[in-house]
Every structure is written in structure tokens, then in C-alpha cells.
There are 2 protein chains.
Amino acid sequence: MTALAPKARRNNRRELILDVSAQQFVEKGFASTSTRDIAKATGMLPGSLYYHFASKDDLLVAVFEEGVQRISDSVDTALEAAGADPWVRLQAACEAHLAMLLGTSSYAHVVIRTLPSDFSDAEKTLVGLRRQYEARFTRLCDALPLPPQTDRSVLRLMLIGAMNHTPVWYREGRDTPAGLARKFIENLRVPLVGAGASEAARTDASGEPVSRRIEDE
Amino acid sequence: MTALAPKARRNNRRELILDVSAQQFVEKGFASTSTRDIAKATGMLPGSLYYHFASKDDLLVAVFEEGVQRISDSVDTALEAAGADPWVRLQAACEAHLAMLLGTSSYAHVVIRTLPSDFSDAEKTLVGLRRQYEARFTRLCDALPLPPQTDRSVLRLMLIGAMNHTPVWYREGRDTPAGLARKFIENLRVPLVGAGASEAARTDASGEPVSRRIEDE
DNA sequence: TAAATAAGCAAACGATTGCTTGGTTATTTC
DNA sequence: GAAATAACCAAGCAATCGTTTGCTTATTTA
């Protein structure tokens with residue numbers, strides 16, 4: 001070894017700083033969180049943060065990276081135990097995603113809330129990280145049995161948009177991540193009835209009078 | 001008259017300030033937009049803004065109100081011409097919502113992007129305005145012919161979340177608001193095929209017994 | 001034409017911002 | 001036990017922030 005890893009010597013408060021930052025970024029937003037706010041919550045002086053991070057932007061990138069790591073791990077773990085059915089797998093991924101987003105940790109929430117375009121220097125990094133994570137949903141949606149003309153990209157983006165909006169309205173007790181994931185998938189899933197019966201009710205693509213949903217009976 | 005309306009005398013640059021503010025709030029975010037930025041873009045001096053608005057927060061509230069007004073009018077107008085079919089009506093509302101959100105004007109975008117909790121003083125005002133607007137979607141979703149156990153609140157919140165996420169990924173030319181609205185609705189609409197043939201393909205998603213979508217009639 | 005007022009300028013206030021710099025302490029390593 | 005270094009303190013810098021205050025100008029109204 002000798003010239004091996006630096007390996008956190010002694011108590012390293014880097015993690016504490018990250019925890020506090022994630023929480024405050026979610027509570028007040030990045031721009032409205034001052035480095036002094038973070039320092040105070042960690043029990044340090046403002047300048048001491050710069051021993052661990054080069055800049056405030058750098059601190060956000062670190063929180064973002066940790067958030068992507070955590071939510072990715074969570075989804076991957078859920079998928080390993082999810083079996084083979086494509087809809088069940090997608091639902092499991094959504095449940096893991098929502099659990100991270102609505103849970104006590106703030107890291108995933110930062111990933112969702114942060115607009116990469118607000119950080120022109122790190123924009124590519126942030127977009128790349130998020131894309132790598134969301135690739136999981138691309139694959140999951142590609143595996144779904146869907147009518148041939150379905151736009152799977154739009155389906156995926158709908159689902160991601162719906163999930164990432166939950167922090168705005170979610171109330172603990174009234175719902176659960178698992179329950180929401182189930183309802184989300186239930187609302188998107190098309191019952192693939194045998195023998196293409198479903199196409200009968202499909203709409204005319206160009207937006208004009210669409211076949212009615214319940215017309216008979 | 002004598003004691004009648006104040007009635008904008010001469011050129012009133014209030015509207016210009018609002019336009020500029022809406023644009024910059026969307027571009028850089030509220031906290032990262034300084035009053036000096038806004039003043040410069042209007043050709044005024046920083047202090048002059050305070051002749052028209054009492055504070056920066058006040059300015060945001062004004063933009064927000066204008067945004068709610070515009071998107072509400074747009075949706076209402078679309079609904080007047082939309083006929084009676086519940087799905088067609090919902091799709092028309094979505095198209096109007098998306099057109100405002102993805103169009104050139106920034107007002108609606110501010111409404112979507114602004115987190116009321118970031119403005120504790122005006123939080124109730126902002127939430128109230130947004131709720132009044134979104135009530136339109138509550139009514140539209142209530143009118144849908146859906147399986148009895150469907151959670152219409154979740155359906156509505158899914159749709160709103162999906163729509164409000166579009167500014168993140170929308171690219172002009174590749175999609176249109178109308179096209180997206182159609183795909184969104186298409187993905188949510190369940191083809192009510194005759195005689196419940198669909199149940200065959202239903203699966204129990206997460207180990208919980210999921211009530212089937214289409215069971216009766 | 002005189003008084004009133006709408007609209008904005010000019011200049012600065014105090015507070016807060018992200019960050020730097022030089023020194024200090026405690027722990028390791030040799 | 002000496003040298004090195006990880007981790008932080010103490011103090012402050014320059015820039016920017018939202019906002020205020022007093023004054024000027026141009027347009028209305030009477």
C-alpha cells in the first residue's frame with residue numbers, strides 16, 4: 001500500500017455536510033440556501049466548508065451524485081427481486097423511485113428538483129447522471145407489451161413526470177409509495193385483450209372525433 | 001367621472017416589467033433573478049421598479065396571478081368549443097394547458113415552476129390560485145367514464161404532473177402540444193372493450209390483490 | 001396657466017452573499 | 001518524540017442583494 005487510497009482519516013464530516021445540504025436544498029431551494037445556513041447546521045464556521053468542497057456549486061453536484069447513486073441502487077435492488085413480468089417490473093421500479101423521493105432522505109429529492117440548466121458549468125454532468133438513471137425506465141418501458149403504435153418515450157416521460165410531481169401533493173398516511181405505484185401503473189396499463197379486440201376502440205390518430213369509451217351496453 | 005378609475009395614464013410600463021420578470025424567472029429562477037436584472041431588461045433603474053411593485057415577492061405574485069389568469073382563460077376557451085365527450089374535453093384542456101406551458105409566453109411556466117412554500121407570506125394566495133385553476137381538471141376527471149374503483153384524484157395528479165414536466169424534455173419540431181395531449185390521453189384511456197374480455201390479461205402486480213379494472217357491466 | 005400627479009432618476013443604505021487567507025489544533029506517521 | 005498533515009477556526013474581503021429616500025420631469029387636470 002503505502003501509496004494507496006487516502007481513506008478518510010479520523011472523523012470525516014464530509015457526509016454530515018452533504019446530509020445537511022441535501023435537506024436544506026430541498027427545504028429552501030439551492031439559491032436560497034446560504035453557505036452560512038449549511039455551516040450553522042453542521043456546527044462549523046462558514047469558511048470551513050471550503051476545506052471539503054471547492055464551491056457551493058461543487059457541493060450541489062456532490063449531493064446530486066449521491067442522490068443519483070442512492071435512487072439507482074434502490075431501483076436496481078427492487079428489480080432484482082421483481083420477477084419477469086414487464087408490468088410488475090415497472091411497478092416495482094416506480095415503487096422504489098417513489099419511496100426514495102417521498103422518504104426521509106432528501107438526496108433523491110434534490111436530483112428531481114435540480115434544474116441542470118441552472119448550473120451551466122456542471123450542466124452536462126448533471127444531465128448525464130440523470131440520463132443514466134432514467135435509462136432504467138427506458139428499458140422497462142421498451143419491454144412492455146403495448147399496442148404497436150404506442151410512443152414509449154412519451155409513456156416513460158409521462159410516468160416520470162407524474163412520479164416527480166408527487167412531492168408537491170403527497171401526504172403521508174393518506175397514501176403510500178407502494179400504493180401510488182400500483183395506481184400509477186394501473187392507470188397506464190392497457191389490458192391487452194386477446195385477438196386485438198382493443199384496437200377497435202382506439203382513437204383516430206389525428207385528434208378528431210375519437211371513438212367513445214363507453215358507448216354500448 | 002372625477003372620482004373614477006385611475007385608468008393607466010400615459011405609457012404604463014407595468015406590463016413590460018411583468019413580461020420581463022416572467023421571462024427571467026423562467027430562465028434563471030426567481031432567486032437567481034435580481035431586481036437589477038429586471039430593471040436593466042426594462043431600461044429602467046433598479047429603484048424605479050418600486051414605484052410599480054412593493055417588493056420582489058410582490059412582483060412574483062403579480063406574475064403568478066397573470067399566469068393563472070391566462071392559462072385559465074385558454075383552457076376555458078378550449079372547453080367551450082370541445083363538445084360533450086368527456087375524453088375529448090379532457091384532451092382539449094390538456095392541449096390548451098400544454099400550448100400555454102410550451103409556448104412563447106412565460107407566464108404559465110412561472111405558475112408551474114413556482115413553489116408556493118418558497119413564499120411563506122404569499123403561500124396561501126399562490127396555492128389558492130393554483131387550486132382554482134386545477135379545479136377544472138378535477139371536474140373533467142370526475143366526468144370520465146371509468147371503472148368504479150378508479151382513484152380519480154391520482155389520475156388527475158398523474159396527468160398534471162406529466163404535463164408540468166414537459167418543459168424539461170419538450171423539443172419544438174419533434175412534438176406539438178396537440179400531439180402530446182393526444183398521446184397523453186391515449187395512454188390513460190382504457191378501451192372499454194365489450195364484455196370484459198380484458199380481465200384475462202390482468203396480473204396481480206405487487207403481491208396485493210389488485211381489483212380488476214373492468215369487471216362489471 | 002397653475003396645481004396635481006404619474007413616472008422615473010440618482011444615489012446610496014445596510015445586509016447578505018460566496019469565498020479567501022493565515023493561523024491553530026489535534027491526530028498520524030515515521 | 002519530531003515531522004507531517006487532516007480538519008478546522010477567526011477574520012475579513014469584495015461583490016451583490018433588496019430596498020429607501022429625495023429629487024426631477026413630463027403630463028394632466030382644473
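In what follows, chains are A, B, ... by sequence order, proteins preceding strands, each numbered from 1. Reckoned from all heavy atoms, side chains included, excluding hydrogens, waters and symmetry mates.
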Between atom [atom1] in [X] and atom [atom2] in [N], what is the gap in whole Å?
{"X": "B/Leu45", "N": "C/dA7", "atom1": "CG", "atom2": "P", "answer": "17 Å"}
{"X": "B/Leu49", "N": "C/dA6", "atom1": "CG", "atom2": "P", "answer": "18 Å"}
{"X": "A/His52", "N": "D/dA6", "atom1": "NE2", "atom2": "C1'", "answer": "9 Å"}
{"X": "B/Ile38", "N": "D/dT16", "atom1": "CD1", "atom2": "C1'", "answer": "15 Å"}
{"X": "B/Lys40", "N": "C/dC9", "atom1": "NZ", "atom2": "C1'", "answer": "17 Å"}
{"X": "A/Phe53", "N": "D/dA7", "atom1": "CZ", "atom2": "C1'", "answer": "14 Å"}
{"X": "A/Met44", "N": "D/dA10", "atom1": "CE", "atom2": "C1'", "answer": "13 Å"}

*Using a heavy-atom distance cut-off of less than 4.0 Å, which residues of residues 113-124 of chain A contact DNA chain D?*
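When residues 113-124 of chain A is checked for heavy atoms under 4.0 Å from DNA chain D, there are no hits whatsoever.
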Distance-only criterion, 3.5 Å: show the donor-acceptor pairs between side-chain atoms of residues 102-116 of chain A and protein atoms not counting sequence neighbours.
{"residue": "A/Ser105", "atom": "OG", "partner": "A/Tyr107", "partner atom": "N", "Å": "3.4"}
{"residue": "A/Tyr107", "atom": "OH", "partner": "A/Asp19", "partner atom": "N", "Å": "3.0"}
{"residue": "A/Tyr107", "atom": "OH", "partner": "A/Asp19", "partner atom": "OD1", "Å": "2.4"}
{"residue": "A/His109", "atom": "NE2", "partner": "A/Arg113", "partner atom": "NH1", "Å": "2.9"}
{"residue": "A/Thr114", "atom": "OG1", "partner": "A/Val110", "partner atom": "O", "Å": "2.7"}

*asked:* Show every side-chain hydrogen bond (donor to acceptor under 3.5 Å, both in side chains) that has at least one partner inside residues 75-84 of chain B, sequence neighbours left out.
replied: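 Non-adjacent pairs meeting side-chain hydrogen bond (donor to acceptor under 3.5 Å, both in side chains): B/Asp76-B/Arg136.
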*Where protein sits on nucleotides 13-20 of chain C, one letter per nucleotide: B base, S sugar-phosphate only, - none, heavy atoms under 4.0 Å*: ----BBBB
*With A/Lys56 via side-chain hydrogen bond (donor to acceptor under 3.5 Å, both in side chains) - residues at least two apart*: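 Listed in chain order: nothing, the list is empty.
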_Residues forming a side-chain hydrogen bond (donor to acceptor under 3.5 Å, both in side chains) with B/Glu134, sequence neighbours excluded_ =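 Partners of B/Glu134 by the side-chain hydrogen bond (donor to acceptor under 3.5 Å, both in side chains) criterion come out as none, since no residue qualifies.
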*Among all residues two or more places apart in sequence or in another chain, which pass the salt bridge (charged side-chain N to carboxylate O under 4.0 Å, His left out) test with B/Asp118?*
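B/Asp118 satisfies salt bridge (charged side-chain N to carboxylate O under 4.0 Å, His left out) with no residue once adjacent residues are dropped.
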_Can you list everything that forms a salt bridge (charged side-chain N to carboxylate O under 4.0 Å, His left out) with A/Arg156? Sequence neighbours excluded, please._
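Partners of A/Arg156 by the salt bridge (charged side-chain N to carboxylate O under 4.0 Å, His left out) criterion come out as none, since no residue qualifies.
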*Quick one: sort the A/Tyr133 and A/His97 rings into parallel, tilted or perpendicular, breaks at 30° and 60°.*
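If you compare the ring of A/Tyr133 with that of A/His97, the planes turn out parallel.
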*asked:* Counting only side-chain nitrogens and oxygens, does A/Tyr51 get under 4.0 Å of the OP1 or OP2 atom of D/dA7?
replied: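 Checking D/dA7 against A/Tyr51, a side-chain N or O does come within under 4.0 Å of OP1 or OP2.
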*Has A/Arg13 got a side-chain N or O lying under 4.0 Å from the OP1 or OP2 atom of D/dA7?*
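No.
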*Can you pull the salt bridge (Lys or Arg N to Asp or Glu O under 4.0 Å) pairs that have at least one residue in residues 32-51 of chain B, sequence neighbours excluded?*
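Sorted pair list: B/Lys28-B/Asp37.
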*Does A/Glu15 CD have over 12 foreign heavy atoms under 6.0 Å away?*
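At most 12 heavy atoms, drawn from other residues, nucleotides or ligands, come within 6.0 Å of this atom.
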